[in-house]
Amino acid sequence: MSEESPTPVKNFVQNIIDGDLKQNKNDGRVHTRFPPEPNGYLHIGHAKSICLNFGLKETYSGKCNLRFDDTNPVSEDPEYIAAIKEDILWLGFEWDNLCHASEYFDQLYDMAVRLIKKGKAYVDSLSEDEVREYRGDHNTPGKNSPYRDRSVEENLALFERMKNGDFKDGEHILRAKIDMTSGNMNLRDPLIYRIRHASHPVTGDKWCIYPLYDFTHGLSDAIEGITHSVCTLEFEDHRPLYDWFLKELEFEQPPQQIEFSKLFLSHVIVSKRNLKKLVDEGHVSGWDDPRMPTLRGLRRRGYTAAAIRELCRQVGVSKAYSVIDYSLLEDCLRADLNEKAQRRMVVLNPLKLTITNYDKNETLQAPNHPKDESMGQRDLPMSNTLWIDHDDFMEEAPKKYFRLKPGGEVRLRNSYVIKCEEVIKDEKGEVIELKCTADLDTLGKNPEGRKVKGIIHWVAADTAVPVRVNLYDRLFNDPNPGGHKEQSFLEFLNPESLNVLETCYAEPAVADAKVGEAFQFERVGYFSVDHDLGAQGNEPSHPLTFNRSVSLRDNWK
Ligand code: ATP
Ligand code: MG
């Protein structure tokens, strides 16, 4: 990714890999993986893991697999699988191998049998509640199940019958035989297999027993030849178990688990369960609602993949817990769009302005970007009836007000200097029109003998394109909506997170803008074309809808 500056300092994961390469560990291979569970859409937190895992592949000319961790048949959905693939590609990464943990069910079953044969796994027949009770807690050691000493033969026979569907859900489980008194709860004879009479999206009805995460994860890593299995910190306590399975099953080049801290962003929530709740309860329009911190929500909002990658680069990789301010993400987007987005003039809150001494209909020219000539120019039709923004006029203005005021002068951006001669109001006293004169000697040059400080944007009324604008704001008012014990995150929803402006006017150069295309509306902010479609799904429900991606400046700081 050439547009980003290289990471100046290596992160701790790279330091570990450098050390491994020095010793020629894994024959000098670097192979990572990104292992989402297909039970929801990817969010900004996942982006950090994706950038890290695929970034290591790029740095070390290694490989990175995309592995769907699809061991839980009930929560998975092919819709999520398709969306996850699409979002990773959009973010700018390509996997070397596309894998599903479910592909390994045969191998995993054989490995479980090997553990049983070594006397390292047994079939337990305690109820779920009893299992919990026997496990103890952090202060109390666990105690052995009365079934722990079943013979290898009995275990093999029972496990096979579990596989064959002879038992009901929950009747038996397969457990690793480690240590019921271990200080690490994960080592108190963890579950390896459970019975689930459920159809799986990939394997269908072939299996009625399914392996558990801890067993599946490390062994899938080993099967795929992963060298560095990078995951988030909550798995640190699981590492002894990860290593135990690899050791007992005697892998020659076992993968190494390395933990880093999750990305937490202020003013959002990034737990799939809670994001799903927002969707299911209708607080947002869907997973791709432009206020959602999902990758598709961000994309629809106008976030670029480059901005998200840049955030991840700036945040870095460490083991320290930290919450990143949402404004950092916004800054990354501004920096990217400032360079890439063409400029347009769009009036959000229209006020009519007539120029009494202008009767030409010129087509003026305006640069598409103030600093990048290669982006070319656009036609900008001028006329004697314009729309300007209500906010750019003030009747009783302070001295330092440089926009339009009665008797004041202002430059119309890319056009003439005008002077406000008359303010017209309706019967309620609301300003409905400004009558102005233009200094026709000011096109492309300064007025004679005086300085005009203000510049405002405008759109010629007869050629204006009506557009709808969605002004998005943060979804939550609270910096940590998910962090309140007594209150649900739903209580912190920002009631003003969406403000729809139905009648805005844009200059004609926006007319053929494409879905997703980003613009800077001069003096206003960055906007991108929404993919809003009509009820039939093929007709735009409005000529053009723009989403505000981010304002020009940070209004929150
Ligand atoms: P959630 O809690 O949102 O459901 P998850 O961790 O269950 O997320 P997975 O599908 O299991 O989601 O995650 C795939 C990978 O993404 C895992 O390796 C996980 O550690 C990583 N990941 C998830 N959330 C974050 C985050 N906030 N920051 C960095 N990595 C994350
Ligand atoms: Mg998960």
Side-chain angles (χ1 to χ4, degrees), residues 11-13 32-57 64-72 74-77 79-85 87-88 91 93 95 98-102 212-214 216-218 220-221 224 226 228-239 242 255-280 287 292-298 308-309 311-324 326 328-329 480-483 489:
N11 63 49
F12 82 98
V13 182
T32 57
R33 85 288 169 267
F34 174 66
E37 194 183 335
N39 61 354
Y41 287 79
L42 296 180
H43 53 61
I44 183 76
H46 293 116
K48 178 175 180 181
S49 175
I50 295 169
C51 288
L52 174 56
N53 280 297
F54 286 91
L56 291 171
K57 156 194 159 131
C64 182
N65 292 357
L66 168 59
R67 182 195 316 138
F68 287 105
D69 193 343
D70 57 349
T71 47
N72 182 358
V74 277
S75 61
E76 284 140 23
D77 191 322
E79 174 198 337
Y80 297 137
I81 296 204
I84 288 171
K85 290 200 269 191
D87 287 349
I88 295 172
L91 204 53
F93 298 105
W95 48 88
L98 176 64
C99 312
H100 294 79
S102 57
L212 275 99
Y213 177 86
D214 280 323
T216 311
H217 194 82
S220 300
D221 285 342
E224 291 174 17
I226 301 303
H228 300 86
S229 177
V230 187
C231 65
T232 40
L233 272 177
E234 70 272 24
F235 291 103
E236 198 166 28
D237 283 351
H238 297 238
R239 192 181 344 124
Y242 182 98
Q256 179 184 357
Q257 176 177 306
I258 305 167
E259 310 87 12
F260 70 101
S261 59
K262 277 194 167 181
L263 173 66
F264 295 102
L265 262 193
S266 73
H267 294 94
V268 300
I269 47 164
V270 288
S271 124
K272 273 184 268 187
R273 196 167 44 87
N274 288 340
L275 292 174
K276 191 167 187 307
K277 198 165 176 169
L278 288 173
V279 175
D280 291 346
W287 286 95
M292 290 282 271
T294 51
L295 294 185
R296 26 198 65 204
L298 289 164
I308 294 174
R309 292 195 305 260
L311 174 83
C312 294
R313 192 190 68 79
Q314 289 189 19
V315 165
V317 177
S318 78
K319 280 183 179 284
Y321 169 82
S322 73
V323 179
I324 305 301
Y326 198 83
L328 190 63
L329 177 60
N480 185 12
F489 64 98

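Start at 1 and go down the list; that is how both ligands and their atoms are numbered. Note that this is a predicted model, so its numbers are computed, not measured.
Side chains of Arg33 and His217: a donor-acceptor N/O pair is present below 3.5 angstrom, by distance only. For the residue pair Asn72 and Tyr213, no side-chain donor N or O sits within less than 3.5 Å of a side-chain acceptor on the partner. Side chain to side chain, Glu79 and Tyr41 meet the donor-acceptor criterion of an N or O pair below 3.5 Å.
Look at Glu37 and Lys272 and you find no salt bridge, because none of the NZ, NE, NH1 or NH2 atoms lies under 4.0 Å from a carboxylate O.
Under a 4.0 Å criterion applied to the non-hydrogen atoms of Ser49, ligand 1 contributes the atoms 16 (O), 21 (C), 30 (N). For ligand 1 and Ser271, the ligand atoms under 4.0 Å from any heavy atom of the residue are 3 (O). Atoms of ligand 1 lying under 4.0 Å from any heavy atom of Glu37, numbered from 1 in the order shown and given with element: 9 (P), 10 (O). Close contacts of ligand 1 with Thr232, meaning ligand atoms under 4.0 Å from a residue heavy atom, involve 19 (C), 20 (O), 29 (C), 30 (N), 31 (C).
Ring orientation note: the planes of Tyr80 and Trp287 are nearly perpendicular, at an angle over 60° on the 30°/60° scale.
Side-chain contact between Val315 and Leu263 is present, with heavy atoms from C-beta onward closer than 4.5 Å.
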Exercise. Which is it for His238 and Asp214 under the side chain to side chain donor-acceptor pair (under 3.5 Å) test, yes or no, and what are the steps along the way?
Worked result: CA-CA 7 Å; His238 297 238; Asp214 280 323; 2.9 Å; yes

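Between Val230 and ligand 1, no pair of N/O atoms sits closer than 3.5 Å. Distances between N or O atoms of Leu263 and those of ligand 1 include at least one value under 3.5 Å. Close N/O approach between Gly45 and ligand 1 is found [any backbone or side-chain N/O within under 3.5 Å].
Distances from atom 12 (O) of ligand 1 to the heavy atoms of His217, His46, Glu234, His43 show the closest one on His46. Here atom 9 (P) of ligand 1 lies nearest to Lys272 when heavy atoms of Glu259, Lys276, Lys272 are compared.
A ring-centre distance under 6.0 Å is not found for Tyr242 and Phe235.
At a heavy-atom distance under 4.0 Å, no atom of Phe264 approaches ligand 1.
Ligand 1 lies out of reach of Phe235, whose nearest heavy atom is not under 4.0 Å from it. The closest approach between a heavy atom of Arg273 and any atom of ligand 1 is not below 4.0 Å.
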